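So that the names make sense, note that chain A is the first sequence line, chain B the second, and so on, each numbered from 1. Since the structure is predicted, the reported quantities are computational estimates derived from the model, not experimental observations.
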Amino acid sequence: MKTEHEAAAIEELRELAGALRPLEAPGRVEQALREAFRRRQRRRRRIVVPLAAAAVIALAVLNLLPRPEGPRAEGAPPETIATDYMPVGFGRPLYPGEFVQVVRISVPRMEMVRFGLPVFEDGAEGRVQADVVLGEDGIARAIRFVQH
Amino acid sequence: MQAEELSDETLLRRALEGSEGCFAALYRRHQGRIYRFALAMSGSATVAEEATQEVFLGLLNGECKYDPSRGRPAGFLLGVARNLVLRHLSRSGRYAEMPEDLAGEAGEDISRRETIEAVRQAVLSLPENYREVVVMCDLEEMDYAGAAEVLQCPVGTIRSRLHRARDLLGRKLAPAARSSRA
């Protein structure tokens with residue numbers, strides 16, 4: 001149940017609400033906020049890009065590390081034995097965050113000799129698989145030999 | 001889909017992810033209500049402008065974080081504005097300056113302008129806990145549930161405060177109404 005005063009107040013407030021309704025924040029507020037938004041984006045990019053680069057480098061390093069071999073289950077595919085990655089050629093060093101590709105190729109077994117790896121005479125004629133790390137320019141930077 | 005068609009939740013998420021379009025759409029959707037709320041609570045266009053800006057800056061800087069379990073983004077934003085205005089009022093007392101926008105056109109009925117100004121002053125003279133429910137429910141036409149979400153209190157509290165606030169306001173305005181009738 002509304003009192004007389006309450007009913008009168010509602011009426012008066014309706015009038016004030018009508019007068020206030022068209023009011024909005026001045027355009028300069030949106031402009032200032034948009035500028036603040038862009039500044040924030042620039043700051044975030046400055047933080048995110050080095051972090052992303054660091055993450056890529058970390059991943060590359062992890063990929064280059066020899067993986068520990070666990071016990072082999074019965075019926076599991078044969079273990080892969082791989083050498084460490086070894087540098088190839090005199091290409092420029094990889095940039096931080098550079099996207100690398102690893103491709104598996106087949107090379108003459110004698111190629112292993114160039115990297116100081118032993119090759120027994122009876123197997124010298126065959127081929128061996130190798131993982132080659134390519135930089136963004138397509139030039140090989142590292143190689144490892146793989147045997148199943 | 002245009003940013004203007006997206007829900008507040010989606011706009012807020014995308015804005016924080018870096019979409020300026022979504023940030024602008026969220027701002028445009030809510031700035032009017034936030035500005036008017038701060039203006040009616042403080043009586044100052046300067047405070048209203050600053051509060052509106054601070055609400056959205058707080059979002060950007062991560063100073064105020066939206067928690068979906070505590071209500072909708074609209075209530076959250078108005079709640080942040082309310083805290084800013086109350087903090088301002090507690091620091092510097094009340095403003096009673098006449099906002100330029102409310103000054104009216106030169107040819108506008110003077111008695112109407114006087115009435116509106118009298119009501120505005122009467123609203124400003126209400127205790128803050130009454131004033132805020134009047135501003136939300138009567139001036140901004142929010143429902144009781146929406147106001148309860150902003151104030152984080154039961155709907156019954158809104159109802160009873162509004163009842164008392166209107167009654168008090170009516171009593172304050174009664175002499176002015178009698179003299180204008182005379």
Salt bridge (Lys or Arg N to Asp or Glu O under 4.0 Å) partners of Glu111(A), counting only residues at least two apart: Arg114(A)
How would you list, in number order, the residues of residues 17-26 of chain B that have a heavy atom less than 4.5 Å from chain A? Glu17(B), Gly18(B), Ser19(B), Glu20(B), Phe23(B), Ala24(B)
What residues of residues 134-155 of chain B sit under 4.5 Å from chain A when you count only heavy atoms? Val134(B), Asp138(B), Leu139(B), Glu141(B)
Please name the pair of heavy atoms, one in [X] and one in [Y], separated by the smallest distance, quoted to 0.1 Å.
X        : Y         : value
Ala9(A)  : Gly170(B) : CB-N, 3.7 Å
Tyr27(B) : Glu30(A)  : CE2-CB, 3.4 Å
Leu20(A) : Arg36(B)  : O-CD, 3.0 Å
Ala15(B) : Phe37(A)  : O-CE1, 3.5 Å

Flag if over 12 foreign heavy atoms under 6.0 Å of CZ, Arg34(A): yes
Quick check: are there more than 12 heavy atoms from other residues, nucleotides or ligands sitting under 6.0 Å from CZ of Arg104(A)? yes
Is the closest side-chain heavy-atom distance between Arg40(A) and Leu16(B) below 4.5 Å? yes
For residues 51-65 of chain B, which side-chain N or O atoms pair as donor and acceptor with protein atoms under 3.5 Å away, sequence neighbours left out?
from	atom 1	to	atom 2	distance (Å)
Thr52(B)	OG1	Ala48(B)	O	2.6
Asn61(B)	ND2	Leu57(B)	O	3.3
Lys65(B)	NZ	Gly62(B)	O	3.3

Rounded distance (nearest 0.5 Å) linking atom CD of Glu4(A) with atom CG of Asp167(B): 10.0 Å
Approximate separation, where rounding is to 0.5 Å, of Ile116(B) CD1 and Glu15(A) CD: 5.0 Å
Report the option among Arg33(B), Arg28(B), Arg171(B), Arg166(B) that has the most heavy-atom pairs separated by less than 4.5 Å from atoms of chain A. Arg166(B)
Contact class of [X] relative to chain B, heavy atoms under 4.5 angstrom:
X        : result
Arg21(A) : both
Ala25(A) : both
Ile10(A) : side chain

Flag, side chain of Arg120(B) to backbone of Leu16(A), donor-acceptor distance under 3.5 Å: no
Is there a path of hydrophobic side-chain contacts, each under 4.5 Å between heavy atoms of I, L, V, M, F, W or Y residues, that connects Leu134(A) with Val146(A)? no
